[in-house]
Amino acid sequence: MVHSVQISEDSRSVSTGVTLQVNICYPRPKLDSKKLAILLHPWSWLGGNMHEPTLEVLTRLLQDKNYYVIRYNSRGVGKSTEGEDLKALVQEFLSEIPEIDSLTVIPAGYSHGSLIASLHPVLNPKVKTSHILLLLTMFHTGIYSLALRDILCNPDARLLLIYGDKDEFTSKSKYEEWVDTLRRTDGLKAKLNVIPVMDASHFWQSDGARTALQQAIDSRIS
C-alpha cells in the first residue's frame, strides 16, 4: 500500500535566486517520517523532466517506504548551477525539520540526473546520506569525477550504482572496466554497491527491467 496521502506541485524559490517547479509527495503525518529522497531527471535540453516514467516508478517505490519524495524541473543551464540548486532545495527542506537525528537523505539521479545527484555532498554524520545513480555516463568530466571521488572517499557515504547491460550509450564492458576502476580508488571508504541489470536498456522501458530496478533499490534502502 502506498503511504503518501498528499502530493503538491508548485513553484518554489530557492537561495540560488531561481524559481523551480517542484513536486513533493508527503507520507502520512502520523508515521513521523524522517526520510527524504530527491530525484533528478535526464537532461532537460533533450526533453527530460520531473515526470519522466522511470522517476515515476522510483517515486512509487519510495512512497511505499514512507519517504518524502521531491522531484523538480532542473533549469538545465550548466553543471555548477544545477548542483547548487539541488543543494539549496535540500537544505531548505531540511530546515523545516526540527530534529535531524536519524534522518535519511537519498539524492538519486537518472541519466544526466545522476551527474547532478553526484554533486550533492555527504551530509553530517547525523544524516544518513545514500546516493543512487542510474547511469548514462562514466563521470569522466572533471567536476563530476571529482564529486564522485569525494563520495567514494567518505566513510559516511553509501553509493549504489545501477546500469543496464543493454544500455544504448555505454557498453557492458565499458561499465565493467569503469566499475573496476572505482573499486580500486585510492582511499576508498564509502559503502559501494554496483548492480548490473540484465537485458535493461538505458530507458528502462520493459516491465522486466523496471521490476528488476525496483528490486535492486528495494533491497538496499529501508
Side-chain angles (χ1 to χ4, degrees), residues 35-43 54-55 58 61-62 67 70 74 78-91 94 100 102-165 167 169-197 200 202 204 212-213 215-222:
K35 300 187 291 186
L36 166 66
I38 185 160
L39 309 184
L40 287 301
H41 62 72
W43 201 22
T54 300
L55 295 190
L58 299 185
L61 170 64
L62 291 160
Y67 277 78
I70 297 179
S74 169
K79 55 200 175 188
S80 60
T81 52
E82 288 180 292
E84 292 306 311
D85 291 346
L86 168 61
K87 288 182 277 188
L89 188 58
V90 170
Q91 287 304 312
L94 295 184
I100 66 169
S102 302
L103 187 69
T104 296
V105 174
I106 296 179
Y110 164 43
S111 187
H112 176 75
S114 68
L115 298 175
I116 307 308
S118 74
L119 297 177
H120 193 281
V122 176
L123 299 174
N124 72 69
K126 288 185 177 181
V127 180
K128 178 182 177 182
T129 308
S130 300
H131 290 75
I132 299 177
L133 308 181
L134 310 183
L135 299 175
L136 161 66
T137 184
M138 293 179 290
F139 290 74
H140 291 320
T141 306
I143 187 173
Y144 301 122
S145 60
L146 289 174
L148 185 60
R149 178 177 174 78
D150 285 344
I151 294 171
L152 289 168
C153 295
N154 190 316
D156 295 319
R158 298 159 188 83
L159 177 59
L160 173 60
L161 306 180
I162 305 175
Y163 65 89
D165 70 354
D167 192 307
F169 300 98
T170 305
S171 69
K172 177 183 176 181
S173 62
K174 289 292 186 183
Y175 272 130
E176 289 174 339
E177 291 172 9
W178 180 63
V179 168
D180 183 60
T181 299
L182 295 184
R183 294 193 186 282
R184 291 186 285 105
T185 298
D186 185 31
L188 175 64
K189 295 179 180 178
K191 183 177 181 181
L192 172 63
N193 285 289
V194 181
I195 303 178
V197 178
H202 173 73
W204 303 93
L213 175 61
Q215 291 173 342
I217 295 175
D218 184 48
S219 65
R220 284 164 175 80
I221 63 173
S222 57

Is Arg183 reaching over with its side chain to a backbone N or O of Leu188, donor-acceptor style, under 3.5 angstrom? no
query = Would you say the side-chain atoms of Ser118 pair up with the backbone N or O of Ala147, donor to acceptor, closer than 3.5 Å?
reply = no
Taken in chain and number order and not counting sequence neighbours, the residues that satisfy side-chain contact (heavy atoms from CB on, under 4.5 Å) with Glu177 are Lys174
Say you draw a straight line from [atom1] of [X] to [atom2] of [Y]; how long is it, rounded to the nearest 0.5 Å?
X      : Y      : atom1 : atom2 : value
Ser111 : Leu133 : OG    : CG    : 11.5 Å
His112 : Ser74  : NE2   : OG    : 6.0 Å
Leu103 : Leu123 : CG    : CG    : 8.5 Å
Ile195 : Leu134 : CD1   : CG    : 10.5 Å
Leu39  : Thr54  : CG    : OG1   : 11.0 Å
Asn193 : Ser130 : CG    : OG    : 10.0 Å

Please name the pair of heavy atoms, one in [X] and one in [Y], separated by the smallest distance, quoted to 0.1 Å.
X      : Y      : result
Ile162 : Trp204 : CG2-CH2, 3.8 Å
Ser222 : Lys35  : O-NZ, 3.2 Å
Leu135 : His202 : O-ND1, 3.9 Å
Ala117 : Gly109 : CB-N, 3.8 Å
His131 : Thr129 : CE1-CG2, 3.7 Å

(request) State, yes or no, whether a side-chain contact exists between Asp186 and Arg149 at a heavy-atom distance under 4.5 Å. (result) yes
Do the non-hydrogen side-chain atoms of His120 and Ile38 ever get within less than 4.5 Å of each other? no
Residues in side chain to side chain donor-acceptor pair (under 3.5 Å) contact with [X], at least two apart in sequence or another chain:
X      : result
Lys87  : Glu84
Ser171 : Ser173
Asp180 : Arg184
Asp218 : Lys65

Show, in sequence, the C-alpha distance, side-chain angles and deciding distance for Ile221 and Tyr67, and conclude whether the side-chain contact (heavy atoms from CB on, under 4.5 Å) test is met. CA-CA 11 Å; Ile221 63 173; Tyr67 277 78; 4.1 Å; yes
| task | Specify whether Tyr175 and Tyr163 have parallel, tilted or perpendicular ring planes, treating 30° as the upper limit for parallel and 60° as the lower limit for perpendicular. | result | parallel
Test side-chain contact (heavy atoms from CB on, under 4.5 Å), reference Leu148, set Leu115, Thr185, Leu182, output is Leu182
Let me check something: any side-chain donor-acceptor pairs from residues 151-161 under 3.5 Å, sequence neighbours excluded? List them with distances.
residue	atom	partner	partner atom	Å
Asn154	OD1	Asp156	N	2.8
Arg158	NH1	Asp156	O	3.0

